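Worksheet: one structure, shown below.
Note that the structure is a prediction, hence the values are computed from the model and not measured.
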Amino acid sequence: MSRVMSQFIENHTRLFREGRIEEMLDDCDYPLGVQGPEGLTVLANRDIYREWLQGWQRDLGTRAMHEEYVRIHTLELPRARKFRVWIERRFQNDSGERVDLDVIYYCRLDTPRPVIEMIEFGAPPSDAP
């Protein structure tokens with residue numbers, strides 16, 4: 001499963017980097033919960049998630065950020081076909097400004113690929129089981 005998840009995450013981040021947001025929308029179940037420092041936001045459907053992702057891309061583009069790396073920190077063993085994936089992402093620009101993201105994807109095993117049911121930002125990987 002780790003190979004499947006590695007490929008899934010690599011593909012998901014590549015699609016974001018290449019601006020292929022429409023293809024990313026198929027990787028999620030809706031409504032999609034997004035937990036961040038300000039609390040829980042529920043993205044009711046694909047259109048709202050698309051706008052949310054486009055907002056991220058605009059912000060990173062405005063700041064001339066490029067992705068330095070993506071790393072799967074921890075991959076939880078599935079229980080009842082559900083599991084979490086702790087991911088570290090880093091964006092940086094030529095001015096030295098940096099954005100480090102710690103993200104947890106709450107997933108379920110689905111055919112033919114995993115599906116993201118919820119996303120949590122700001123949870124440090126050191127808290128992983």
Side-chain angles (χ1 to χ4, degrees):
M1 182 174 89
S2 64
R3 181 172 178 191
V4 169
M5 274 315 296
S6 292
Q7 290 174 341
F8 176 75
I9 297 302
E10 287 171 15
N11 184 56
H12 203 74
T13 56
R14 181 179 49 79
L15 292 173
F16 181 80
R17 195 171 39 248
E18 294 174 359
R20 296 166 52 193
I21 289 176
E22 201 62 37
E23 294 171 65
M24 294 176 65
L25 302 174
D26 294 333
D27 293 337
C28 300
D29 194 14
Y30 304 94
L32 178 67
V34 178
Q35 178 70 46
E38 295 83 36
L40 179 65
T41 301
V42 177
L43 306 176
N45 56 49
R46 294 170 62 95
D47 295 333
I48 294 170
Y49 188 40
R50 180 186 304 108
E51 290 172 17
W52 191 81
L53 289 170
Q54 288 170 335
W56 266 94
Q57 282 190 321
R58 273 190 307 275
D59 179 59
L60 292 170
T62 298
R63 295 161 66 189
M65 295 285 201
H66 57 276
E67 193 162 47
E68 287 289 307
Y69 73 85
V70 175
R71 180 174 88 94
I72 295 177
H73 184 280
T74 303
L75 175 60
E76 184 176 57
L77 291 174
R79 286 185 222 138
R81 302 191 60 80
K82 296 192 179 236
F83 60 96
R84 296 174 291 182
V85 183
W86 279 257
I87 301 165
E88 298 172 325
R89 294 180 80 170
R90 173 174 291 157
F91 297 87
Q92 191 165 339
N93 63 21
D94 293 339
S95 303
E97 183 183 8
R98 194 168 100 183
V99 174
D100 291 320
L101 292 177
D102 298 319
V103 183
I104 301 174
Y105 285 154
Y106 293 75
C107 302
R108 75 168 184 271
L109 293 174
D110 209 351
T111 305
R113 66 186 185 290
V115 173
I116 300 168
E117 296 183 318
M118 183 175 153
I119 302 169
E120 182 177 351
F121 288 93
S126 59
D127 290 345

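Residues that satisfy the side chain to side chain contact (heavy atoms under 4.5 Å, CB included) test with Arg20, not counting sequence neighbours, are Arg14, Leu15, Glu18, Glu23. Take Arg90 and apply the salt bridge (charged side-chain N to carboxylate O under 4.0 Å, His left out) test, not counting sequence neighbours, and it matches Asp100. Residues satisfying the side chain to side chain contact (heavy atoms under 4.5 Å, CB included) criterion with Leu25, sequence neighbours excluded, are Ile21, Glu22, Tyr30, Arg46, Tyr49, Arg50, Leu53.
For His12 and Glu10, the side-chain atoms include no donor-acceptor pair closer than 3.5 Å.
Side chain of Glu67 to backbone of Arg89: no donor-acceptor contact under 3.5 angstrom is found. Looking at Asn93, its side chain never comes within 3.5 Å of a backbone N or O of Ala64 through a donor-acceptor pair. With His66 contributing its side chain and Gln92 its backbone, the two residues share a donor-acceptor pair below 3.5 Å.
Remark: Glu68 does not engage Arg98 in a salt bridge, criterion side-chain N to carboxylate O under 4.0 Å.
Between Glu120 and Val103 the shortest side-chain heavy-atom distance does not fall below 4.5 Å. Between Lys82 and Glu117, some side-chain heavy-atom pair lies under the 4.5 Å cut-off. Using a 4.5 Å cut-off on side-chain heavy atoms (C-beta onward), Tyr105 and Ile9 make contact.
In the displayed structure, Asp94 atom CG is contacted under 6.0 Å by at most 12 heavy atoms of other residues, nucleotides or ligands.
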